[in-house]
There are 2 protein chains.
Amino acid sequence: MAARTYGQYGGVATAVELIGERWALLIVRDLLVGPRRYTDLKRGLPRIPTNILSARLKELQDGGVIRRVPIRRCGLVYELTPYGRELEPVVYALARWGLRALGEPGEDDTFSADALTVALRAVFRAETADPGDYELRVGDVALRVQVDAELRITRLAPPAPPVGGALPVGEPGITITAGSGIRHLLTGRVDAAAAVAAGDVVVTAGDPALLERFAATFGLDDAESPPLA
Amino acid sequence: MAARTYGQYGGVATAVELIGERWALLIVRDLLVGPRRYTDLKRGLPRIPTNILSARLKELQDGGVIRRVPIRRCGLVYELTPYGRELEPVVYALARWGLRALGEPGEDDTFSADALTVALRAVFRAETADPGDYELRVGDVALRVQVDAELRITRLAPPAPPVGGALPVGEPGITITAGSGIRHLLTGRVDAAAAVAAGDVVVTAGDPALLERFAATFGLDDAESPPLA
DNA sequence: CCGGATCCGAATCGATACTG
DNA sequence: CAGTATCGATTCGGATCCGG
């Protein structure tokens, strides 16, 4: 283990030693949405081997990034420590950067509610956001997205929302259904009208005009310099 | 290679596939300071095996993060593409986060001018910075740090500054000499007076009062919740 | 010296099976 | 549910070597 250190003294090297191992940051990503059980993490990251998940959870604990919390009457969850939670800016910045290199999903790529939740948070324009209440369906992930003083995102399905989570009250003003093409809207490469015209998103219920508000609320600010690999 | 993908559709997973391999982000860190030759990178990252450096450079090229640029009359350098340069916020955020977990250097940890340059940029308070002209010596790294309309950091030694780099004119108002204890100042856990009292930094030339300006210009803004592993 | 390529043992990862 | 055990496939690290 000591032989696998970088031998570099500095913040970046230290950070990478804490969260740079394979799968580690994806675990952090899911834990940013909320505490998760071992099995929740496994479900959200189907391709992670169980021994690797175990190893990463142990290492992240040793690094002070996450902690194990026993839940009363059976079970335990992993959650970020305060220090781990301060990876939020890092993960969001990475999510924005990576979003721009995102192409079509591969054949067997998976897509989780946690991934979409983090993506939305990453491109949320807090300063200029107008209030709104949206239902967003991408693939088989359904989220309730409520913007008022703050941003609240609730998983609707699948499966049922987490036990501790309160269901949102009321009805969303719009239901937006999309596939992977929603990335064009979130990167800001197309506007709401063009996204509808291209079939990237479909308004399946509610007021279609609210889609523009959604597009104004979520998206990259500086939508330029596509990767062009 | 295809077997080593995460099988996740999302920005974070894509980003980690591009720059999540071992050593990759440290290469990006050094390239953020400026174009570097293969040998420069090797020197700044002494523990990287040459085959790994080669492999990473190739992968980062394929990912559109860096490019090879031939230099006229012998030689070539690697530099970030525009897309790669937009990792700046990511790397700085990671540097700030990792800085807080930084302890004493290990026996054979190395410390490069590029690492210090990135660390300073990462904790630079652009909005509130007053102009200043500093010389900073940490270990055997010497930097000229000039703050006016923007932040300019020039390597003084070792070795000689890069060929293309113009040497700063004039004299710095202060020369600050420090060791690894400078992290206490940069994390904001101690102020200028306390850092001097603790021996973390020494003013070896110039106006000692400028150290407070330096400390006001560079440091973490929210200096709390130490890792406490 | 620069910019790697090659080889090999050690460590890690991935997949599957299995257990308290 | 929450992992551990095992084992082959990769990757990494360290060293050496090579063409300009």
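Throughout, a chain's letter reflects where its sequence line sits, starting with A, and its residues are numbered from 1. All figures in this text were calculated on a predicted structure; none of them were measured in a lab.
To the nearest angstrom, C1' of C:dG14 lies 16 Å from CD of B:Q8. Atom P of nucleotide C:dG9 and atom CZ of A:R4 are separated by 19 Å, given to the nearest angstrom. As a whole-Å value, the separation of B:I27 CD1 from C:dG4 P is 12 Å. Between A:L45 atom CG and D:dA2 atom P the separation is 15 Å, expressed in whole Å. Between B:R22 atom CZ and C:dA10 atom C1' the separation is 13 Å, expressed in whole Å. D:dG3 atom P lies 13 Å from atom CD1 of A:I48, rounded to whole Å. We find that CG of A:L53 is positioned 13 Å from C1' of D:dC1, with the value rounded to whole Å. Taking atom CG on B:L57 and atom P on C:dC2, their separation rounds to 15 Å, with Å as the unit.
Distances from the side chain of B:I52 to the nucleotides C:dG3, D:dG13, D:dG3 place D:dG13 closest.
Across all strands, A:L76 comes closer than 4.0 Å only to sugar-phosphate atoms, never to a base (heavy-atom distances).
Distances shown here put every side-chain N or O of A:W23 at or beyond 4.0 Å from the OP1 or OP2 atom of C:dC13. Neither OP1 nor OP2 of D:dG3 sits under 4.0 Å from any side-chain N or O of A:S54.
In the interface, the side chain of A:N51 is paired with the base of C:dG14 through a donor and an acceptor atom under 3.5 Å apart. The base of C:dA5 sits with one of its N or O atoms less than 3.5 Å from a complementary donor or acceptor on the side chain of B:T50.
Mapping A:Y6 and A:G75 onto DNA chain D via the closest heavy atom, the residue that lands nearer the 5' end is A:G75.
The aromatic rings of B:F124 and B:F218 sit tilted, their planes meeting at an angle between 30° and 60°.
A side-chain donor from one of A:R121 and A:Y92 sits under 3.5 Å from a side-chain acceptor of the other.
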